[in-house]
Amino acid sequence: MIVFIRVLRYCSLLLLFVIGGCYLKDVRWRPVRPARKTTYNVYNLKTTGYCPCKSCCNWKRNWYGRPVIASGPGRGRPKEVGITASGTRAKSGTIAADTSLFPFGTVMYIPGYGYGRVEDRGGAVKGRHIDLFFHTHNEALEWGVQYHKVKVWPPPPK
Ligand SMILES: [Zn+2]
């Protein structure tokens, strides 16, 4: 009987870990850091903020409520809200940049924002201008337009 209880206790503990693990997989905070032994360059960049809203990400709902791209070359095409141009889920630390200058995977350190990784693009984000992801429109507005010396680690060669 004692053994049975012990096994039961062990199993429930295991179950707790499994459930907890699945739950945490989505929520877990994975900090962005540059790869080891890589050096950075410093760029003077214009930084702005954006969030997943309609006005920041150029989308609207079509007549039956589906999000579509509001204007530009992809106008009317389905839009997945909260998914970046590289296919990742937008989160704090996601950066939109001109990928001809800073390709996907570039790690940056922006004073006042912290570390981030280029995972997105934007129609208005060209040249020495990056757009920093925030969860709410207010936070994006609060950031406004700031010019910073940004540390840039190019992505590791494939
Ligand atoms: Zn917004």
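Just the heavy atoms: all of them, side chains too, but no hydrogens, waters or symmetry mates, feed the values below. We count ligands from 1, going down the list as the structure has it; atoms in each ligand are counted the same way.
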Sequence neighbours excluded and cut-off under 3.5 Å, please list the side-chain donor-acceptor pairs for residues 82-90, or say none.
residue : atom : partner : partner atom : Å
Thr84   : OG1  : Ser86   : N            : 3.4
Thr84   : OG1  : Ser86   : OG           : 3.2
Thr84   : OG1  : Gly87   : N            : 3.4
Thr84   : OG1  : Thr88   : N            : 3.0
Thr84   : OG1  : Thr88   : O            : 3.1
Thr84   : OG1  : Thr88   : OG1          : 2.7
Thr84   : OG1  : Glu119  : O            : 3.1
Ser86   : OG   : Glu119  : O            : 2.7
Thr88   : OG1  : Glu119  : OE1          : 3.0

Exercise answer: donor-acceptor pairs, residues 130-137 side-chain atoms, under 3.5 Å, sequence neighbours excluded:
residue : atom : partner : partner atom : Å
Asp131  : OD1  : Thr48   : OG1          : 2.7
Thr136  : OG1  : Glu139  : N            : 3.3
Thr136  : OG1  : Glu139  : OE1          : 2.9

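Residue-and-atom listing of protein N/O/S atoms under 2.8 Å from the Zn ion (ligand 1), sorted by chain and number: Cys51 SG, Cys53 SG, Cys56 SG, His137 ND1.
The aromatic rings of Tyr113 and Trp143 sit perpendicular to each other, their planes meeting at more than 60°, with 30° as the lower class boundary.
Residue pairs meeting the ring pair (Phe, Tyr, Trp, His ring centres under 6.0 Å) criterion with at least one member in residues 56-78: none, sequence neighbours excluded.
Taking hydrophobic clusters as Ile, Leu, Val, Met, Phe, Trp and Tyr residues chained together by side-chain heavy-atom distances below 4.5 Å, Val42 shares a cluster with Val107.
Here the straight-line distance linking atom CZ of Phe104 with atom OG1 of Thr99 works out to 5.0 Å at 0.5 Å rounding.
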